[in-house]
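These numbers were taken from a predicted model, which means no experiment stands behind them.
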Amino acid sequence: MNFLRLFSRPQSAPAARERLQVLLAHERASAGDSDLVTKLRDEILRVISKHMQIDDEKVSVKMERGAQVSTLAVDIEIPFDAGKKAA
Amino acid sequence: MGKVIVVTSGKGGVGKTTSSAALGAALAQNGDKVAVVDFDVGLRNLDLIMGAERRVVYDLVNVIKGEAKLTQALIRDKRLETLYLLPASQTRDKDNLTPEGVEKVIAALKNAFDWVICDSPAGIERGATLAMRHADVAIVVTNPEVSSVRDSDRIIGLLDSKTLKAENGEQMEKHLLLTRYDPARAERGDMLKVDDVLEILSIPLLGIIPESMDVLRASNVGSPVTLADDRSAPAIAYFDAARRLKGESLPVTVPGEKRGFFGKIFGRKAA
């Protein structure tokens, strides 16, 4: 049974290599300090908090670091009267 | 109220992270709600083993310092919806891990999950002692090899003295998980026997995980071994260990011991 499984499965080492390359590229770029995506995340939240009281429970931040592009999704629920309170 | 488990060993490289991920996934595959927490601040790897390394937004230190809510820092597994990961910080100093902060995080996790699995860093420093501090149950991961057994003995001593349970005069429930067990070497008599390790450490056996290519393959693709190949020998051993954690009494089989004539000819390599 062992052999059959060896033949039927794709190699896993290429996946390991690709995952490490992407991860280490991001980690090296951010050595010592937070990386660009993290900076953007923090600044976006700071800017928004200038204009409204951010309810932490209503903020969802998602990141996906890729080889060529990363994505950052900041999802904030803005209540109807948020602007008035901050003003 | 969930149960807090620490996966610890003293020695590095024995399989704490692999076991944390595999047991966490095995429990979640059974429908339980599980959070696996990486305590190795500065050298996190649980995210990589669980395949969530590209999705880390916030980490344990962010939560402790109040920079993020626990719900924002928890990463849900892409394959199992009841499995969550709380990553360690990669860049911050481990001094940011405060006893009060850890206590709050663990208390909140206990409320929301059936199991909170704390993946301890190697060593006996702050990260390791904080990972075990709030545990209800300890899993001591040991390889059948002298230095690992010695370090496990040291860790058992800490579990019986430095944890909240110990300080309150209660007995810490401890289990031995024997990993990287190589049946071929055991047969040649070049490896410590299961009974030898059990006799020296004298804690009950939770399971024996055979040394296996399947563990390496699973880490390559970023999947707990119980998810990567649920019929592989290590996966079956982890599933059984998870059932024992839940209180079932299953007999432990020593890998390789049931091997018959056919297996002796063809099954020399570890599963």
S.K.: With a 4.5 angstrom heavy-atom cut-off, is it the side chain or the backbone of A:V59 that approaches chain B, or both, or neither?
M.R.: both
S.K.: Distance from A:S12 atom OG to B:D229 atom CG, nearest 0.5 Å?
M.R.: 11.5 Å
S.K.: Tell me, for B:E67 versus chain A, whether the close heavy atoms (under 4.5 Å) come from the side chain, the backbone, both or neither.
M.R.: neither
S.K.: Check step by step if side chain to side chain contact (heavy atoms under 4.5 Å, CB included) holds for B:Q90 and A:E27.
M.R.: CA-CA 9 Å; B:Q90 184 69 329; A:E27 287 191 350; 3.4 Å; yes
S.K.: Could you tell me whether the side chain of A:R65 and the main chain of B:V56 form a donor-acceptor pair under 3.5 Å?
M.R.: yes
S.K.: Which bit of A:L45 comes within less than 4.5 Å of chain B, counting heavy atoms only: side chain, backbone, both or neither?
M.R.: side chain
S.K.: Counting only heavy atoms from other residues, nucleotides and ligands, does the tally under 6.0 Å from CZ of B:R44 exceed 12?
M.R.: yes
S.K.: Just give me the residue among B:A52, B:G222, B:G51, B:A218 that pairs up with chain A most often, heavy atom to heavy atom, under 4.5 Å.
M.R.: B:G222
S.K.: Counting a contact as any heavy-atom pair under 4.5 Å apart, which residues of residues 100-115 of chain B contact chain A?
M.R.: none
S.K.: Any Lys/Arg nitrogen of B:R54 or A:E18 sitting under 4.0 Å from an Asp/Glu carboxylate oxygen of the other?
M.R.: yes
S.K.: Between NZ of A:K62 and CD1 of B:I75, what distance do you get to the nearest 0.5 Å?
M.R.: 11.0 Å
S.K.: Report which part of A:R41 has an atom under 4.5 Å of a heavy atom belonging to chain B: side chain, backbone, both, or neither.
M.R.: side chain
S.K.: Need one label for B:L48: side chain, backbone, both or neither, based on atoms under 4.5 Å from any heavy atom in chain A.
M.R.: both
S.K.: Given the rule in the side chain to side chain contact (heavy atoms under 4.5 Å, CB included) test, do A:R19 and B:E53 qualify, once you have shown the distances and angles that lead to the verdict?
M.R.: CA-CA 9 Å; A:R19 292 175 62 223; B:E53 75 279 3; 3.1 Å; yes
S.K.: For B:K33, look at atom NZ and say whether over 12 heavy atoms of other residues, nucleotides or ligands are found less than 6.0 Å away.
M.R.: yes
